[in-house]
Amino acid sequence: MKKNKIIFWIATSLIFVMEALMPLATLLFAHEYFNAGTKPLGYPDYFAYALIVCKVLGGTAIMFPKLPAKLREWAYAGLTFNLIFAVISHIVVDQVIANIIMPIVVGVVLGVSYIYSQKIKLKTKAQ
C-alpha cells in the first residue's frame, strides 16, 4: 500500500507542477510567453487563457484525493484530452519530434497517476 501511495504522489506531483504550476507561473510572472505553446500552432490568445485555467483546475483537482470521485475522473479526462490534442496539433502543424514526444511523456505520467489512484482506492475499499 505504501509503495502505491509513493508512486501516486510522485506522479501526481509531477503532473501538478507541469500542467498547473508552470502554466500559471508563466501567466503571472512571464506574461509575454503565456501563449508560446499555442500561438505557433495557430490558436488564438483566448484559447491559451482558457487552457491555463482548465489545466490549473484539473491539476488541482487530482491533487486532492478527498474530492468527489466524479470530479477527479473528469479532471483526469480533461488533462488527457488536452495532451492528446497537443500531440495531434504538433503532428499536424509543426512536426517537431520534441514537441510531439513531450505531451506523450506527460500523458504516461498522468496514466501512472490515474492507475495508482485506482489501486489506492481499491485497497481502501477492501480494508
Side-chain angles (χ1 to χ4, degrees):
M1 179 74 157
K2 190 169 187 143
K3 178 187 91 170
N4 290 349
K5 285 186 177 183
I6 290 170
I7 293 171
F8 166 76
W9 281 113
I10 289 171
T12 305
S13 297
L14 284 171
I15 292 298
F16 182 71
V17 168
M18 289 186 293
E19 292 294 298
L21 284 185
M22 288 172 59
L24 183 61
T26 301
L27 181 64
L28 296 176
F29 303 116
H31 190 266
E32 63 274 14
Y33 300 113
F34 82 97
N35 62 355
T38 55
K39 193 70 154 184
L41 297 172
Y43 293 111
D45 288 348
Y46 67 83
F47 182 73
Y49 287 115
L51 199 56
I52 290 170
V53 168
C54 291
K55 288 170 117 182
V56 168
L57 291 174
T60 303
I62 67 170
M63 283 296 288
F64 293 104
K66 300 284 186 202
L67 286 177
K70 287 270 192 222
L71 181 63
R72 296 182 77 237
E73 292 284 330
W74 277 98
Y76 276 111
L79 292 169
T80 301
F81 292 141
N82 167 56
L83 295 167
I84 289 169
F85 291 124
V87 170
I88 292 169
S89 294
H90 287 293
I91 288 171
V92 171
V93 177
D94 65 11
Q95 291 131 11
V96 176
I97 296 298
N99 292 345
I100 296 168
I101 290 178
M102 189 59 182
I104 293 171
V105 170
V106 175
V108 168
V109 176
L110 182 65
V112 168
S113 171
Y114 179 76
I115 289 166
Y116 279 88
S117 74
Q118 297 304 305
K119 285 183 177 186
I120 292 168
K121 188 166 81 171
L122 289 174
K123 292 259 187 190
T124 305
K125 284 184 180 180
Q127 292 177 354

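Note that the coordinates shown come from a computational prediction; the quantities given were computed from them, not determined experimentally.
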Checklist entry - Does one hydrophobic cluster hold both I6 and I120, with members joined at side-chain heavy-atom distances below 4.5 Å? => result yes
Checklist entry - Does any non-hydrogen side-chain atom of K70 lie less than 4.5 Å from one of E73? => result no
Item to check | I104 reachable from M22 in the ILVMFWY side-chain graph, under 4.5 Å edges | outcome: no
Checklist outcome for this item: By side chain to side chain contact (heavy atoms under 4.5 Å, CB included), L14 pairs with (sequence neighbours left out) I10, M18, V109
Next on the checklist: Can you confirm whether the side chains of S89 and Y43 place a donor and an acceptor under 3.5 Å from each other?
Outcome noted: yes
Checklist entry - Can you hop from I15 to L57 via hydrophobic side chains spaced under 4.5 Å? => result no
Next on the checklist: Let's go through L83 and V87 carefully: what are the C-alpha distance in whole Å and the side-chain angles of both, what is the deciding distance for side chain to side chain contact (heavy atoms under 4.5 Å, CB included) to 0.1 Å, and is it a yes or a no?
Outcome noted: CA-CA 6 Å; L83 295 167; V87 170; 5.8 Å; no
Checklist entry - Quick one: does L41's side chain get under 4.5 Å of H90's, heavy atoms only? => result yes
Item to check | Transitive ILVMFWY side-chain link F64 to W74, under 4.5 Å | outcome: no
Checklist entry - Pairs in or reaching into residues 38-56: which pass salt bridge (charged side-chain N to carboxylate O under 4.0 Å, His left out), with residues at least two apart or in two chains? => result E19-K55, K39-D45
Checklist outcome for this item: So CD1 of I52 and OG1 of T26: to nearest 0.5 Å the spacing works out to 7.0 Å
Checklist entry - So how far is it from L24 CG to F16 CZ, rounded to the nearest 0.5 Å? => result 8.5 Å
Checklist entry - If two hydrophobic side chains count as joined below 4.5 Å and joins carry through other members, does F81 share a cluster with V92? => result yes
Item to check | Straight-line distance of R72 CZ to K66 NZ, nearest 0.5 Å | outcome: 10.5 Å
Checklist outcome for this item: With sequence neighbours left out, the residues meeting side chain to side chain contact (heavy atoms under 4.5 Å, CB included) with T12 are F8, I62, M63, Y76, S113
Item to check | Flag side-chain contact, heavy atom, 4.5 Å: W9 against Y116 | outcome: no
Checklist outcome for this item: When rounded to the nearest 0.5 Å, the distance separating CG of D94 from CG of N99 is 5.0 Å
